[in-house]
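Chain identifiers are assigned alphabetically (A, B, ...) following the order of the sequence lines, protein sequences preceding nucleic acid strands; residue numbering begins at 1 within each chain.
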There are 2 protein chains.
Amino acid sequence: MSHESKDYIAALHSRGYRVTPQRLIVLDAVCELQGHATVSDIQNKVNLLDSTIDRSTIYRALDILTEVGLVVASEMDAETGRVYRIAGEAHHHHLLCQACGEVFSISTDILFPVFQQIRDTYGFEVWADHLALKGLCERCARKQPGG
Amino acid sequence: MSHESKDYIAALHSRGYRVTPQRLIVLDAVCELQGHATVSDIQNKVNLLDSTIDRSTIYRALDILTEVGLVVASEMDAETGRVYRIAGEAHHHHLLCQACGEVFSISTDILFPVFQQIRDTYGFEVWADHLALKGLCERCARKQPGG
DNA sequence: ATCATTGCAAATTGTTTGCAGAATG
DNA sequence: CATTCTGCAAACAATTTGCAATGAT
């Protein structure tokens, strides 16, 4: 588990939160799902280990884990909604193919120049922690050119 | 109204849909709201003219107007959700300041080079019709540097 | 005269909340 | 042993759907 290196006990305690089995199971689930995990993904994973853990508990755990900085939330597209990943894992953006549904990851670097330019031009500082771009992947673009 | 130039009657009829007062009022509302209009914005506007038009009717009208290509839907951020605008209006992206909440518009041109590069590198064709970037505007960035 | 469309109400989905009992520090 | 936390159920908000009545073509 990549989060073992982080001191999750200290992270929780630092804000007066307690360490509970439910929260650790949720944290593990997010970790094992390796990026862009939805609440449903997480619940499925969690309930394999303990089927009595309620959905509301998962929501609350994710809120708290996000607040203390152990996990990071970001918005995928409208259908997928909010997704979670372990904090500190390599940032990347997503390319969402609207034809086959596949998700591709790209490094943040590729977008850095534009964000720089937006800063220069508009004085606006883009938070580049996560971005989901819709479009067509190579294979699907060949099948249905133009979209 | 900028949509009068479009033949909305033909657009609706071409797919077997009928032209109803409710649909025209919704179309007008989207038009007058001038970009990124939420369902609630639209409902408020619509109900000024006719308070008997139901929310479900507005949802259905927006679906159909989008399907026939008279309006375009896109996702703002998670809180704002889906927004609508008249099709054919100048495309632009949005910068959402997370401190003051203001929305800035930027032209699509600035992002064109990156999308080109993503195409070259990943073979992925980004749909650049609308993008909402979160961050801090100039004024707020000065107040709370670093975010 | 058809058949799509509307308004209403109820169903659905996704998320949040109140509370009594259980568990943590 | 004082609080925080959990599971349950109920509350909510946003969107969708079934249906009888209405209205467009």
For B:C137 versus B:C97, what's the shortest heavy-atom pair and its separation?
N-SG, 3.3 Å
Suppose we screen for side chain to side chain donor-acceptor pair (under 3.5 Å). Which residues come up paired with A:Y122, at least two apart in sequence or across chains?
none
Have B:T66 and B:D63 got a donor and an acceptor in their side chains that come within less than 3.5 Å?
no
From the list D:dG18, D:dC5, D:dG7, which nucleotide is the closest neighbour of the side chain of B:R60?
D:dG18
How close or far is atom C1' of D:dC5 from atom CZ of A:R23, stated in whole angstroms?
6 Å
Output all residues satisfying side chain to side chain donor-acceptor pair (under 3.5 Å) with B:Q22, sequence neighbours left out; order by chain, then residue number.
none
If a pair satisfies ring pair (Phe, Tyr, Trp, His ring centres under 6.0 Å) and one of its residues is in residues 24-55 of chain B, list it, with sequence neighbours excluded.
B:H36-B:H94
Give me the atom names and distance for the closest heavy-atom approach of B:A99 to B:L136.
CB-CD2, 3.7 Å
Heavy atom of residues 48-58 of chain A under 4.0 Å from DNA chain D: which residues?
A:T52, A:I53, A:D54, A:S56, A:T57
Residues at least two apart in sequence or cross-chain that pass side-chain contact (heavy atoms from CB on, under 4.5 Å) with A:D54, listed by chain then number, are A:S56, A:T57
Taking for each residue the nucleotide of DNA chain D bearing the nearest heavy atom, is the 5' side occupied by B:H13 or by B:D63?
B:D63
Calculate the interatomic distance between B:E79 atom CD and D:dA13 atom P; express it in whole Å.
17 Å
Chain B footprint on DNA chain C, 5' to 3' - any atom under 4.0 Å from a heavy atom
C:dC3 to C:dC8
Name the residue closer to the 5' end of DNA chain C, choosing between A:Y17 and B:Q22 according to the nucleotide with the nearest heavy atom.
B:Q22
Across all chains, not counting sequence neighbours, the side chain to side chain donor-acceptor pair (under 3.5 Å) partners of B:D77 are B:T80
Using a cut-off of under 3.5 Å, enumerate the N/O to N/O pairs linking the protein to nucleotides 20-23 of chain D.
from	atom 1	to	atom 2	distance (Å)
D:dG23	N2	B:R18	NH1	2.8

Pairing string of DNA chain D (Watson-Crick or G-U wobble, both atom distances under 3.5 Å; | = paired to other strand) is |||||||||||||||||||||||||
Expressed in angstrom and rounded to an integer, what is the separation of B:Y59 atom OH from D:dA13 atom P?
13 Å
Members other than A:L96 in its cluster, when Ile, Leu, Val, Met, Phe, Trp, Tyr link by side-chain heavy atoms under 4.5 Å?
A:M76, A:V83, A:V103
Ring pair (Phe, Tyr, Trp, His ring centres under 6.0 Å): which pairs involve residues 9-35 of chain B, sequence neighbours left out?
none
Over all atoms of both residues, closest heavy-atom pair of B:R85 and B:G35:
CB-CA, 3.8 Å
Is there side-chain contact between B:V30 and B:L62, with heavy atoms separated by less than 4.5 Å?
yes
Could you name each residue pair satisfying ring pair (Phe, Tyr, Trp, His ring centres under 6.0 Å) that touches residues 42-89 of chain A, not counting sequence neighbours?
none
